[in-house]
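We count residues from 1, following the sequence as given.
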Amino acid sequence: MRFAKVLCGERMTVAVFSENTSTRRLIILFTSITVLLVGISVASLLILNHTMNKLSDSLYSDVYQNSELILNADRDLYQAALALQTTVGGTLTSAQRSTLSQEFEDNNAQALQRVNTARYNLDAVKSPFNGMKQSELLLDELRNELDHFGTTLTAWRDNGRELISQRVQSSWNPASYSSLAIHTELNEVREGLNQAEDKIDTYASQVMTEFNNLKSSLFAVYSVFLFLLVLVIIYLSRRLISLQNEMQDEQSLYQLIGETMSDFIVLTDPNGLILYASPSHAAALGYVPSKGAPLSNYIREAEISWAKLKSVVQSSPRISELRMRSAEGHWVWLETKVTPIAGSRNFPAQFMLVSREITQRKQYEERLHKLAFYDHLTAIPNRAHFKMYMENLINQPEDRRQEIAVALLDCDRFKQLNDTLGHLAGDEFLQLLSRELQQTVKGSGQAFRIGGDEFAVVLHRFSSPQMLDELLNRLLQLFNKSWSVNQGSSFHTSASIGVALYPQHGSSINELLRAADLAMYRSKNHGGNEANLYSEHVDKKYSDQRN
(Lines give C-alpha, C1' and ligand atoms only; values in the text may rest on other atoms or scores of the structure.)
Protein backbone atom coordinates (compact mmCIF):
# COMPACT_ATOMS: atom_id res chain seq x y z
CA MET A 1 0.00 0.00 0.00
CA ARG A 2 2.83 2.36 0.79
CA PHE A 3 4.40 1.83 -2.63
CA ALA A 4 1.02 2.35 -4.30
CA LYS A 5 0.46 5.68 -2.54
CA VAL A 6 3.94 6.92 -3.32
CA LEU A 7 3.69 5.82 -6.91
CA CYS A 8 0.28 7.42 -7.27
CA GLY A 9 1.57 10.71 -5.86
CA GLU A 10 4.63 10.63 -8.07
CA ARG A 11 2.57 9.80 -11.14
CA MET A 12 0.37 12.78 -10.34
CA THR A 13 3.52 14.91 -10.07
CA VAL A 14 4.65 13.80 -13.51
CA ALA A 15 1.13 14.37 -14.83
CA VAL A 16 1.12 17.88 -13.33
CA PHE A 17 4.46 18.66 -15.02
CA SER A 18 3.09 17.45 -18.34
CA GLU A 19 -0.27 19.23 -17.93
CA ASN A 20 1.51 22.40 -16.86
CA THR A 21 3.51 22.47 -20.08
CA SER A 22 0.40 21.65 -22.13
CA THR A 23 -1.54 24.45 -20.42
CA ARG A 24 1.17 26.99 -21.26
CA ARG A 25 1.07 25.91 -24.87
CA LEU A 26 -2.72 26.07 -24.86
CA ILE A 27 -2.69 29.59 -23.44
CA ILE A 28 -0.22 30.74 -26.09
CA LEU A 29 -2.27 29.09 -28.84
CA PHE A 30 -5.53 30.50 -27.48
CA THR A 31 -4.05 34.01 -27.22
CA SER A 32 -2.81 33.80 -30.81
CA ILE A 33 -6.22 32.65 -32.01
CA THR A 34 -7.87 35.44 -30.02
CA VAL A 35 -5.65 38.13 -31.53
CA LEU A 36 -6.23 36.63 -34.99
CA LEU A 37 -10.01 36.57 -34.53
CA VAL A 38 -10.13 40.15 -33.26
CA GLY A 39 -7.90 41.25 -36.14
CA ILE A 40 -10.08 39.44 -38.68
CA SER A 41 -13.23 40.92 -37.09
CA VAL A 42 -11.92 44.49 -37.18
CA ALA A 43 -10.64 44.04 -40.75
CA SER A 44 -13.98 42.57 -41.80
CA LEU A 45 -15.79 45.50 -40.21
CA LEU A 46 -13.61 47.99 -42.09
CA ILE A 47 -14.04 46.10 -45.37
CA LEU A 48 -17.81 45.97 -44.85
CA ASN A 49 -17.93 49.69 -44.19
CA HIS A 50 -15.85 50.41 -47.29
CA THR A 51 -17.97 48.11 -49.45
CA MET A 52 -21.25 49.63 -48.25
CA ASN A 53 -19.91 53.13 -48.83
CA LYS A 54 -18.95 52.18 -52.39
CA LEU A 55 -22.43 50.70 -52.95
CA SER A 56 -24.01 53.85 -51.55
CA ASP A 57 -21.89 56.09 -53.74
CA SER A 58 -22.63 53.98 -56.81
CA LEU A 59 -26.37 54.00 -56.12
CA TYR A 60 -26.38 57.74 -55.53
CA SER A 61 -24.41 58.31 -58.76
CA ASP A 62 -26.97 56.31 -60.75
CA VAL A 63 -29.85 58.30 -59.30
CA TYR A 64 -28.04 61.64 -59.86
CA GLN A 65 -27.41 60.69 -63.52
CA ASN A 66 -31.16 60.21 -64.05
CA SER A 67 -31.85 63.58 -62.44
CA GLU A 68 -29.43 65.19 -64.91
CA LEU A 69 -31.28 63.57 -67.82
CA ILE A 70 -34.62 65.00 -66.65
CA LEU A 71 -33.13 68.48 -66.19
CA ASN A 72 -31.70 68.37 -69.72
CA ALA A 73 -35.05 67.13 -71.04
CA ASP A 74 -36.68 70.18 -69.42
CA ARG A 75 -34.19 72.47 -71.19
CA ASP A 76 -34.94 70.71 -74.48
CA LEU A 77 -38.66 71.40 -73.98
CA TYR A 78 -37.92 75.02 -73.30
CA GLN A 79 -35.90 75.29 -76.53
CA ALA A 80 -38.67 73.53 -78.44
CA ALA A 81 -41.22 75.99 -77.01
CA LEU A 82 -39.09 78.98 -78.14
CA ALA A 83 -38.77 77.53 -81.64
CA LEU A 84 -42.55 76.95 -81.79
CA GLN A 85 -43.37 80.43 -80.60
CA THR A 86 -40.97 82.07 -83.08
CA THR A 87 -42.21 79.95 -85.95
CA VAL A 88 -45.89 80.69 -85.33
CA GLY A 89 -45.76 84.26 -84.06
CA GLY A 90 -43.10 86.00 -86.20
CA THR A 91 -42.72 87.05 -89.83
CA LEU A 92 -40.22 84.65 -91.25
CA THR A 93 -38.97 83.46 -94.51
CA SER A 94 -39.76 79.98 -95.67
CA ALA A 95 -36.21 78.83 -94.98
CA GLN A 96 -36.20 80.27 -91.46
CA ARG A 97 -39.51 78.71 -90.69
CA SER A 98 -38.25 75.34 -91.94
CA THR A 99 -35.15 75.58 -89.71
CA LEU A 100 -37.20 76.45 -86.60
CA SER A 101 -39.62 73.65 -87.34
CA GLN A 102 -36.76 71.20 -87.50
CA GLU A 103 -35.34 72.60 -84.28
CA PHE A 104 -38.77 72.11 -82.68
CA GLU A 105 -38.80 68.47 -83.78
CA ASP A 106 -35.22 67.82 -82.69
CA ASN A 107 -35.66 69.29 -79.20
CA ASN A 108 -38.85 67.35 -78.62
CA ALA A 109 -37.21 64.13 -79.83
CA GLN A 110 -34.15 64.72 -77.68
CA ALA A 111 -36.32 65.46 -74.62
CA LEU A 112 -38.29 62.27 -75.19
CA GLN A 113 -35.06 60.31 -75.66
CA ARG A 114 -33.62 61.64 -72.42
CA VAL A 115 -36.79 60.75 -70.53
CA ASN A 116 -36.85 57.26 -72.05
CA THR A 117 -33.20 56.80 -71.09
CA ALA A 118 -33.99 57.83 -67.54
CA ARG A 119 -36.97 55.45 -67.58
CA TYR A 120 -34.75 52.63 -68.80
CA ASN A 121 -32.15 53.38 -66.10
CA LEU A 122 -34.78 53.38 -63.40
CA ASP A 123 -36.14 50.06 -64.65
CA ALA A 124 -32.62 48.62 -64.28
CA VAL A 125 -32.20 49.91 -60.72
CA LYS A 126 -32.20 47.06 -58.16
CA SER A 127 -31.81 47.43 -54.43
CA PRO A 128 -28.62 45.70 -53.18
CA PHE A 129 -30.44 44.65 -50.00
CA ASN A 130 -33.88 43.23 -49.34
CA GLY A 131 -36.33 45.04 -47.15
CA MET A 132 -36.06 48.61 -48.64
CA LYS A 133 -39.86 48.83 -49.17
CA GLN A 134 -40.34 52.60 -49.04
CA SER A 135 -37.74 53.31 -51.71
CA GLU A 136 -39.31 50.66 -53.93
CA LEU A 137 -42.68 52.43 -53.67
CA LEU A 138 -41.11 55.77 -54.59
CA LEU A 139 -39.36 54.15 -57.56
CA ASP A 140 -42.67 52.79 -58.85
CA GLU A 141 -44.29 56.24 -58.55
CA LEU A 142 -41.35 57.78 -60.45
CA ARG A 143 -41.71 55.26 -63.25
CA ASN A 144 -45.43 56.04 -63.52
CA GLU A 145 -44.68 59.78 -63.59
CA LEU A 146 -42.21 59.35 -66.45
CA ASP A 147 -44.71 57.19 -68.33
CA HIS A 148 -47.31 59.97 -67.92
CA PHE A 149 -44.75 62.54 -69.11
CA GLY A 150 -44.27 60.62 -72.34
CA THR A 151 -47.99 60.80 -73.01
CA THR A 152 -48.29 64.58 -72.31
CA LEU A 153 -45.13 65.30 -74.33
CA THR A 154 -46.53 63.45 -77.33
CA ALA A 155 -49.77 65.44 -77.11
CA TRP A 156 -47.90 68.74 -76.81
CA ARG A 157 -45.63 67.89 -79.74
CA ASP A 158 -48.62 66.96 -81.92
CA ASN A 159 -50.33 70.26 -81.11
CA GLY A 160 -47.16 72.15 -81.99
CA ARG A 161 -46.89 70.39 -85.33
CA GLU A 162 -50.53 71.29 -86.06
CA LEU A 163 -49.85 75.00 -85.38
CA ILE A 164 -46.77 75.01 -87.60
CA SER A 165 -48.72 73.28 -90.37
CA GLN A 166 -51.56 75.86 -90.16
CA ARG A 167 -49.08 78.76 -90.12
CA VAL A 168 -47.71 77.99 -93.57
CA GLN A 169 -51.18 77.77 -95.08
CA SER A 170 -52.80 80.77 -96.78
CA SER A 171 -55.91 80.42 -94.70
CA TRP A 172 -53.89 81.11 -91.49
CA ASN A 173 -55.83 83.30 -89.09
CA PRO A 174 -53.46 85.02 -86.60
CA ALA A 175 -56.37 85.46 -84.23
CA SER A 176 -56.52 81.70 -83.78
CA TYR A 177 -53.01 81.63 -82.28
CA SER A 178 -52.72 82.08 -78.50
CA SER A 179 -49.23 82.12 -76.92
CA LEU A 180 -50.84 81.83 -73.48
CA ALA A 181 -52.39 78.49 -74.46
CA ILE A 182 -49.02 77.22 -75.70
CA HIS A 183 -47.31 78.26 -72.48
CA THR A 184 -50.06 76.72 -70.39
CA GLU A 185 -49.76 73.42 -72.23
CA LEU A 186 -45.96 73.58 -71.99
CA ASN A 187 -46.13 74.18 -68.25
CA GLU A 188 -48.35 71.12 -67.89
CA VAL A 189 -45.74 69.02 -69.69
CA ARG A 190 -42.87 70.54 -67.69
CA GLU A 191 -44.85 70.05 -64.47
CA GLY A 192 -44.58 66.29 -65.04
CA LEU A 193 -40.81 66.67 -65.36
CA ASN A 194 -40.64 68.79 -62.22
CA GLN A 195 -42.62 66.19 -60.29
CA ALA A 196 -40.39 63.43 -61.69
CA GLU A 197 -37.30 65.38 -60.61
CA ASP A 198 -38.74 65.92 -57.15
CA LYS A 199 -39.55 62.22 -56.88
CA ILE A 200 -36.00 61.37 -57.96
CA ASP A 201 -34.63 63.58 -55.18
CA THR A 202 -37.05 62.03 -52.68
CA TYR A 203 -36.11 58.54 -53.89
CA ALA A 204 -32.41 59.28 -53.57
CA SER A 205 -32.86 60.62 -50.06
CA GLN A 206 -35.01 57.64 -49.08
CA VAL A 207 -32.47 55.17 -50.51
CA MET A 208 -29.62 56.82 -48.63
CA THR A 209 -31.65 56.88 -45.41
CA GLU A 210 -32.60 53.21 -45.67
CA PHE A 211 -29.06 52.32 -46.71
CA ASN A 212 -27.56 54.10 -43.73
CA ASN A 213 -30.12 52.51 -41.41
CA LEU A 214 -29.27 49.08 -42.78
CA LYS A 215 -25.55 49.77 -42.43
CA SER A 216 -26.07 50.93 -38.86
CA SER A 217 -28.03 47.76 -38.08
CA LEU A 218 -25.34 45.57 -39.57
CA PHE A 219 -22.64 47.43 -37.66
CA ALA A 220 -24.64 47.13 -34.45
CA VAL A 221 -25.08 43.35 -34.91
CA TYR A 222 -21.43 42.93 -35.80
CA SER A 223 -20.36 45.05 -32.82
CA VAL A 224 -22.53 42.98 -30.48
CA PHE A 225 -21.02 39.80 -31.90
CA LEU A 226 -17.50 41.19 -31.50
CA PHE A 227 -18.29 42.29 -27.95
CA LEU A 228 -19.65 38.84 -27.06
CA LEU A 229 -16.57 37.26 -28.64
CA VAL A 230 -14.32 39.46 -26.50
CA LEU A 231 -16.34 38.52 -23.39
CA VAL A 232 -16.01 34.81 -24.18
CA ILE A 233 -12.28 35.22 -24.79
CA ILE A 234 -11.86 37.09 -21.49
CA TYR A 235 -13.84 34.39 -19.64
CA LEU A 236 -11.85 31.54 -21.16
CA SER A 237 -8.58 33.37 -20.53
CA ARG A 238 -9.50 33.82 -16.87
CA ARG A 239 -10.40 30.12 -16.65
CA LEU A 240 -7.09 29.14 -18.20
CA ILE A 241 -5.18 31.43 -15.84
CA SER A 242 -7.11 29.98 -12.89
CA LEU A 243 -6.33 26.44 -14.08
CA GLN A 244 -2.68 27.39 -14.49
CA ASN A 245 -2.56 28.71 -10.93
CA GLU A 246 -4.22 25.55 -9.59
CA MET A 247 -1.70 23.40 -11.42
CA GLN A 248 1.17 25.46 -10.06
CA ASP A 249 -0.22 25.01 -6.55
CA GLU A 250 -0.53 21.26 -7.12
CA GLN A 251 2.99 21.16 -8.55
CA SER A 252 4.34 22.92 -5.46
CA LEU A 253 2.41 20.52 -3.23
CA TYR A 254 3.68 17.40 -4.97
CA GLN A 255 7.19 18.80 -5.08
CA LEU A 256 6.96 19.38 -1.32
CA ILE A 257 5.76 15.78 -0.85
CA GLY A 258 8.60 14.47 -2.99
CA GLU A 259 11.19 16.47 -1.04
CA THR A 260 9.93 15.58 2.45
CA MET A 261 8.88 11.92 2.08
CA SER A 262 11.19 9.21 3.37
CA ASP A 263 10.93 6.96 0.31
CA PHE A 264 13.47 7.37 -2.46
CA ILE A 265 12.20 8.36 -5.91
CA VAL A 266 14.16 8.27 -9.15
CA LEU A 267 12.76 9.19 -12.56
CA THR A 268 14.71 8.16 -15.66
CA ASP A 269 14.37 8.52 -19.41
CA PRO A 270 14.13 5.46 -21.71
CA ASN A 271 17.94 5.29 -21.86
CA GLY A 272 18.38 5.10 -18.09
CA LEU A 273 19.56 8.68 -17.59
CA ILE A 274 18.33 10.19 -14.32
CA LEU A 275 15.74 12.97 -14.79
CA TYR A 276 14.91 13.44 -11.12
CA ALA A 277 16.12 12.07 -7.78
CA SER A 278 14.34 12.95 -4.55
CA PRO A 279 16.36 14.70 -1.80
CA SER A 280 15.48 11.82 0.57
CA HIS A 281 18.45 9.86 -0.88
CA ALA A 282 20.81 12.05 1.12
CA ALA A 283 19.57 10.62 4.46
CA ALA A 284 20.54 7.03 3.55
CA LEU A 285 23.32 7.49 0.99
CA GLY A 286 24.88 10.76 2.03
CA TYR A 287 24.28 12.21 -1.46
CA VAL A 288 21.59 12.64 -4.11
CA PRO A 289 22.16 10.88 -7.49
CA SER A 290 23.12 13.41 -10.12
CA LYS A 291 20.63 14.48 -12.73
CA GLY A 292 21.69 13.32 -16.21
CA ALA A 293 23.93 10.52 -14.86
CA PRO A 294 23.25 6.86 -15.82
CA LEU A 295 21.34 4.93 -13.18
CA SER A 296 23.77 2.02 -13.61
CA ASN A 297 26.49 4.17 -12.01
CA TYR A 298 24.80 3.80 -8.64
CA ILE A 299 23.37 0.27 -8.51
CA ARG A 300 25.29 -2.99 -7.98
CA GLU A 301 22.97 -5.82 -8.99
CA ALA A 302 23.52 -7.21 -12.47
CA GLU A 303 19.88 -8.25 -12.78
CA ILE A 304 18.80 -4.64 -12.52
CA SER A 305 21.23 -3.47 -15.22
CA TRP A 306 19.53 -1.01 -17.50
CA ALA A 307 19.41 -3.18 -20.62
CA LYS A 308 17.69 -6.01 -18.72
CA LEU A 309 15.45 -3.61 -16.82
CA LYS A 310 14.06 -2.22 -20.08
CA SER A 311 13.43 -5.68 -21.52
CA VAL A 312 11.70 -7.00 -18.36
CA VAL A 313 9.81 -3.91 -17.25
CA GLN A 314 8.06 -2.83 -20.43
CA SER A 315 4.38 -2.94 -19.58
CA SER A 316 3.91 -3.70 -15.88
CA PRO A 317 5.62 -2.70 -12.61
CA ARG A 318 8.30 -4.91 -11.12
CA ILE A 319 9.61 -5.04 -7.56
CA SER A 320 13.32 -5.69 -7.20
CA GLU A 321 15.87 -5.65 -4.41
CA LEU A 322 19.02 -3.75 -5.23
CA ARG A 323 21.96 -2.10 -3.54
CA MET A 324 23.29 1.43 -3.89
CA ARG A 325 26.69 2.51 -2.64
CA SER A 326 26.68 5.14 0.10
CA ALA A 327 29.07 8.06 0.35
CA GLU A 328 31.07 6.09 3.01
CA GLY A 329 31.48 3.14 0.61
CA HIS A 330 29.14 0.55 2.13
CA TRP A 331 26.14 -0.86 0.28
CA VAL A 332 22.59 0.12 1.22
CA TRP A 333 19.82 -2.40 0.44
CA LEU A 334 16.68 -0.99 -1.21
CA GLU A 335 13.36 -2.56 -2.15
CA THR A 336 12.43 -0.86 -5.40
CA LYS A 337 9.25 -0.78 -7.44
CA VAL A 338 10.12 -0.04 -11.08
CA THR A 339 7.18 1.27 -13.11
CA PRO A 340 7.17 2.28 -16.79
CA ILE A 341 5.36 5.52 -17.57
CA ALA A 342 3.75 4.93 -20.95
CA GLY A 343 4.50 7.36 -23.74
CA SER A 344 3.35 7.29 -27.34
CA ARG A 345 2.74 4.04 -29.26
CA ASN A 346 2.83 1.99 -26.03
CA PHE A 347 6.57 2.51 -25.50
CA PRO A 348 7.73 3.71 -22.08
CA ALA A 349 8.58 7.37 -22.09
CA GLN A 350 10.08 7.19 -18.61
CA PHE A 351 10.81 4.78 -15.77
CA MET A 352 9.98 5.53 -12.15
CA LEU A 353 11.83 3.82 -9.29
CA VAL A 354 10.23 4.14 -5.85
CA SER A 355 12.43 2.62 -3.13
CA ARG A 356 12.70 2.22 0.61
CA GLU A 357 15.66 1.06 2.64
CA ILE A 358 15.60 -2.57 3.78
CA THR A 359 19.19 -2.95 5.03
CA GLN A 360 18.09 -4.04 8.52
CA ARG A 361 15.55 -6.45 7.06
CA LYS A 362 18.19 -7.97 4.77
CA GLN A 363 20.56 -8.36 7.71
CA TYR A 364 17.79 -10.05 9.71
CA GLU A 365 16.96 -12.31 6.75
CA GLU A 366 20.63 -13.17 6.43
CA ARG A 367 20.78 -14.14 10.11
CA LEU A 368 17.67 -16.30 9.70
CA HIS A 369 19.19 -17.89 6.62
CA LYS A 370 22.35 -18.72 8.53
CA LEU A 371 20.35 -20.17 11.38
CA ALA A 372 18.35 -22.31 8.98
CA PHE A 373 21.11 -23.45 6.63
CA TYR A 374 24.39 -23.16 8.55
CA ASP A 375 25.69 -25.06 11.53
CA HIS A 376 25.79 -22.75 14.56
CA LEU A 377 28.98 -24.33 15.96
CA THR A 378 31.18 -24.62 12.86
CA ALA A 379 29.50 -21.98 10.60
CA ILE A 380 29.57 -24.34 7.61
CA PRO A 381 26.40 -25.49 5.78
CA ASN A 382 24.19 -27.95 7.67
CA ARG A 383 21.98 -30.91 6.74
CA ALA A 384 19.12 -28.65 5.41
CA HIS A 385 21.62 -26.85 3.22
CA PHE A 386 22.98 -30.21 2.05
CA LYS A 387 19.52 -31.29 0.94
CA MET A 388 18.85 -28.03 -0.93
CA TYR A 389 22.30 -28.15 -2.55
CA MET A 390 21.78 -31.71 -3.77
CA GLU A 391 18.29 -30.95 -5.12
CA ASN A 392 19.69 -28.10 -7.22
CA LEU A 393 22.38 -30.36 -8.67
CA ILE A 394 20.06 -33.28 -9.38
CA ASN A 395 17.36 -31.04 -10.96
CA GLN A 396 19.73 -29.41 -13.43
CA PRO A 397 18.68 -29.60 -17.12
CA GLU A 398 19.90 -32.67 -18.97
CA ASP A 399 22.48 -30.78 -21.00
CA ARG A 400 24.02 -29.23 -17.87
CA ARG A 401 23.81 -32.27 -15.57
CA GLN A 402 27.17 -33.63 -14.32
CA GLU A 403 28.46 -36.58 -12.32
CA ILE A 404 28.15 -36.14 -8.55
CA ALA A 405 30.04 -37.86 -5.71
CA VAL A 406 28.57 -37.81 -2.20
CA ALA A 407 31.16 -38.58 0.48
CA LEU A 408 30.20 -39.21 4.11
CA LEU A 409 33.06 -38.63 6.59
CA ASP A 410 33.09 -39.86 10.18
CA CYS A 411 35.89 -38.96 12.64
CA ASP A 412 37.61 -41.97 14.17
CA ARG A 413 38.09 -41.80 17.98
CA PHE A 414 36.06 -38.57 18.36
CA LYS A 415 34.21 -40.05 21.33
CA GLN A 416 37.59 -40.62 23.01
CA LEU A 417 38.39 -36.89 22.56
CA ASN A 418 35.15 -35.87 24.28
CA ASP A 419 35.69 -38.37 27.09
CA THR A 420 39.32 -37.38 27.82
CA LEU A 421 39.48 -33.64 27.10
CA GLY A 422 35.81 -32.69 27.42
CA HIS A 423 33.11 -31.37 25.12
CA LEU A 424 34.65 -27.91 24.80
CA ALA A 425 37.80 -29.49 23.34
CA GLY A 426 35.59 -31.54 21.04
CA ASP A 427 33.79 -28.38 19.87
CA GLU A 428 37.13 -26.67 19.27
CA PHE A 429 38.31 -29.64 17.20
CA LEU A 430 35.13 -29.60 15.10
CA GLN A 431 35.59 -25.88 14.39
CA LEU A 432 39.21 -26.34 13.33
CA LEU A 433 38.32 -29.38 11.22
CA SER A 434 35.42 -27.57 9.51
CA ARG A 435 37.57 -24.63 8.43
CA GLU A 436 40.24 -26.86 6.94
CA LEU A 437 37.66 -29.12 5.34
CA GLN A 438 36.11 -26.13 3.56
CA GLN A 439 39.50 -25.06 2.25
CA THR A 440 40.34 -28.59 1.09
CA VAL A 441 37.22 -29.00 -1.11
CA LYS A 442 37.08 -25.38 -2.28
CA GLY A 443 36.75 -25.29 -6.06
CA SER A 444 35.71 -28.95 -6.24
CA GLY A 445 32.54 -29.05 -4.18
CA GLN A 446 31.00 -28.14 -0.85
CA ALA A 447 31.38 -29.49 2.73
CA PHE A 448 28.49 -29.89 5.19
CA ARG A 449 28.16 -30.88 8.83
CA ILE A 450 25.19 -33.22 9.02
CA GLY A 451 25.39 -34.12 12.70
CA GLY A 452 27.87 -34.78 15.57
CA ASP A 453 31.28 -35.66 14.12
CA GLU A 454 29.75 -36.68 10.78
CA PHE A 455 30.38 -34.58 7.69
CA ALA A 456 29.28 -34.78 4.07
CA VAL A 457 31.21 -33.55 1.08
CA VAL A 458 29.53 -33.12 -2.31
CA LEU A 459 32.04 -33.28 -5.16
CA HIS A 460 30.81 -32.36 -8.64
CA ARG A 461 33.74 -30.68 -10.32
CA PHE A 462 35.91 -33.66 -11.26
CA SER A 463 36.50 -34.94 -14.75
CA SER A 464 37.88 -38.43 -14.12
CA PRO A 465 38.03 -41.22 -11.50
CA GLN A 466 41.70 -40.38 -10.91
CA MET A 467 40.77 -36.82 -9.98
CA LEU A 468 38.11 -38.14 -7.57
CA ASP A 469 40.68 -40.49 -5.95
CA GLU A 470 43.04 -37.55 -5.51
CA LEU A 471 40.36 -35.51 -3.74
CA LEU A 472 39.50 -38.42 -1.43
CA ASN A 473 43.19 -38.89 -0.57
CA ARG A 474 43.44 -35.21 0.33
CA LEU A 475 40.48 -35.65 2.66
CA LEU A 476 42.09 -38.66 4.32
CA GLN A 477 45.33 -36.73 4.79
CA LEU A 478 43.39 -33.83 6.32
CA PHE A 479 41.95 -36.08 9.05
CA ASN A 480 45.05 -38.26 9.56
CA LYS A 481 47.14 -35.88 11.67
CA SER A 482 47.52 -34.50 15.20
CA TRP A 483 45.41 -31.56 16.32
CA SER A 484 46.26 -29.06 19.04
CA VAL A 485 43.19 -28.39 21.17
CA ASN A 486 42.33 -27.38 24.69
CA GLN A 487 45.27 -24.92 24.99
CA GLY A 488 48.00 -27.26 23.72
CA SER A 489 46.60 -30.73 24.22
CA SER A 490 47.38 -32.99 21.30
CA PHE A 491 44.82 -35.23 19.64
CA HIS A 492 45.37 -37.55 16.66
CA THR A 493 42.47 -38.65 14.52
CA SER A 494 41.60 -40.20 11.18
CA ALA A 495 38.46 -40.57 9.05
CA SER A 496 36.24 -43.28 7.66
CA ILE A 497 34.89 -42.21 4.28
CA GLY A 498 32.11 -43.75 2.19
CA VAL A 499 31.39 -42.51 -1.36
CA ALA A 500 28.31 -42.90 -3.57
CA LEU A 501 28.04 -41.68 -7.19
CA TYR A 502 25.05 -40.10 -8.91
CA PRO A 503 23.31 -41.50 -10.83
CA GLN A 504 25.08 -44.90 -10.69
CA HIS A 505 24.32 -45.59 -6.99
CA GLY A 506 21.03 -43.76 -6.62
CA SER A 507 18.71 -41.22 -8.28
CA SER A 508 17.51 -39.57 -5.05
CA ILE A 509 19.20 -37.96 -2.07
CA ASN A 510 18.10 -40.70 0.33
CA GLU A 511 19.39 -43.45 -1.96
CA LEU A 512 22.77 -41.73 -2.29
CA LEU A 513 23.04 -41.16 1.47
CA ARG A 514 22.20 -44.81 2.17
CA ALA A 515 24.81 -46.02 -0.34
CA ALA A 516 27.51 -43.65 1.02
CA ASP A 517 26.64 -44.65 4.59
CA LEU A 518 27.13 -48.37 3.78
CA ALA A 519 30.48 -47.64 2.13
CA MET A 520 31.52 -45.57 5.17
CA TYR A 521 30.50 -48.42 7.49
CA ARG A 522 32.77 -50.73 5.53
CA SER A 523 35.65 -48.27 6.06
CA LYS A 524 35.01 -48.28 9.82
CA ASN A 525 34.97 -52.07 9.92
CA HIS A 526 38.39 -52.06 8.24
CA GLY A 527 39.79 -49.95 11.08
CA GLY A 528 39.17 -46.50 9.62
CA ASN A 529 41.48 -44.12 7.81
CA GLU A 530 40.31 -45.23 4.41
CA ALA A 531 37.83 -44.23 1.73
CA ASN A 532 35.64 -46.79 -0.03
CA LEU A 533 33.35 -46.43 -3.05
CA TYR A 534 29.95 -48.06 -2.66
CA SER A 535 29.61 -51.51 -4.20
CA GLU A 536 26.26 -53.23 -4.17
CA HIS A 537 27.71 -56.75 -3.94
CA VAL A 538 30.38 -55.89 -1.36
CA ASP A 539 28.22 -53.71 0.91
CA LYS A 540 25.11 -55.89 0.89
CA LYS A 541 26.11 -57.64 4.12
CA TYR A 542 26.62 -54.26 5.84
CA SER A 543 23.10 -53.31 4.89
CA ASP A 544 21.72 -56.04 7.10
CA GLN A 545 24.08 -55.09 9.94
CA ARG A 546 23.09 -51.38 9.74
CA ASN A 547 19.42 -52.28 9.83
Side-chain angles (χ1 to χ4, degrees), residues 374-383 385-386 389 405-462 465-501 505 512-535 538-539 541-543 545-546:
Y374 289 83
D375 182 61
H376 69 281
L377 176 63
T378 62
I380 68 171
N382 59 13
R383 179 182 288 271
H385 200 160
F386 167 79
Y389 194 86
V406 178
L408 290 183
L409 300 85
D410 188 79
C411 293
D412 300 329
R413 296 181 297 279
F414 179 72
K415 184 176 183 302
Q416 180 182 353
L417 172 63
N418 280 333
D419 293 341
T420 56
L421 299 179
H423 290 286
L424 292 179
D427 291 344
E428 183 180 356
F429 165 72
L430 291 176
Q431 291 172 349
L432 292 173
L433 177 62
S434 296
R435 285 196 294 268
E436 294 198 20
L437 183 60
Q438 284 279 55
Q439 291 298 320
T440 301
V441 300
K442 186 175 182 181
S444 301
Q446 179 66 50
F448 304 86
R449 184 189 180 202
I450 59 176
D453 61 335
E454 191 173 0
F455 293 84
V457 173
V458 178
L459 301 172
H460 56 91
R461 295 188 182 94
F462 59 92
Q466 293 77 11
M467 186 175 178
L468 177 60
D469 291 340
E470 182 182 349
L471 291 172
L472 294 175
N473 288 330
R474 287 165 56 186
L475 291 175
L476 287 174
Q477 292 173 9
L478 169 65
F479 278 80
N480 189 17
K481 67 178 182 179
S482 296
W483 302 82
S484 178
V485 295
N486 197 20
Q487 298 180 355
S489 299
S490 178
F491 171 72
H492 187 84
T493 187
S494 61
S496 298
I497 302 176
V499 182
L501 299 179
H505 302 148
L512 291 172
L513 284 175
R514 179 179 178 278
D517 185 65
L518 291 175
M520 181 186 70
Y521 191 71
R522 178 168 27 120
S523 297
K524 277 188 172 294
N525 282 345
H526 291 173
N529 195 26
E530 69 176 25
N532 287 299
L533 184 65
Y534 171 73
S535 172
V538 174
D539 294 325
K541 60 180 181 178
Y542 298 110
S543 174
Q545 295 176 12
R546 295 291 285 172

Donor + acceptor pair across side chains of D410, S496 (<3.5 Å): no
side-chain contact (heavy atoms from CB on, under 4.5 Å) between H505 and V499, intermediate numbers included: CA-CA 10 Å; H505 302 148; V499 182; over 6 Å; no
Pairwise distance CZ(R449) to CG(L377) - rounded to 0.5 angstrom: 5.0 Å
Closest heavy-atom pair and its distance - P381, Q438: CD-NE2, 3.7 Å
Sub-4.5 Å side-chain heavy-atom contact between Q446 and H385: no
Considering all heavy atoms, the nearest H526-N532 contact: ND1-ND2, 4.2 Å
Heavy atoms of other groups near K481 NZ, more than 12 under 6.0 Å: yes
Minimum heavy-atom distance between G443 and R461, given as atom pair plus value: O-CD, 3.3 Å
Beyond-backbone contact of L417 with V485, side-chain heavy atoms, under 4.5 angstrom: yes
Least distance between heavy atoms, A407 atom then I497 atom: CB-CG2, 4.1 Å
Minimum side-chain heavy-atom gap L471-V441 below 4.5 Å: no
Gap between atom CG of D412 and atom NE2 of H492 - 0.5 Å precision: 9.5 Å
Point-to-point distance, once rounded to the nearest 0.5 Å, from OG of S444 to CZ of F462: 10.0 Å
Contact check, side chains of I380 and F455, non-hydrogen atoms, under 4.5 Å: yes
D517 (side chain) donor-acceptor with L513 (main chain) under 3.5 angstrom: no
F429 side chain reached by L421 side chain, heavy atoms, under 4.5 Å: no
Reported NE2-to-CG distance for the pair H423 and L430, which is rounded to 0.5 angstrom: 11.5 Å
4.5 Å side-chain heavy-atom contact, E428 and S484: no
Taking every non-hydrogen atom, the tightest pair across I450 and R383: O-NH2, 3.2 Å
Any side-chain heavy-atom pair of L518 and Y534 under 4.5 Å: yes
Any side-chain heavy-atom pair of L468 and L501 under 4.5 Å: yes
K415 side, atom NZ; D453 side, atom CG - distance, nearest 0.5 Å: 11.5 Å
Over all atoms of both residues, closest heavy-atom pair of D375 and N382: N-CB, 3.9 Å
Neighbour count above 12 (heavy atom, 6.0 Å) for L432 CG: yes
L433 CG to T440 OG1 distance, which is reported to the nearest 0.5 Å: 9.0 Å
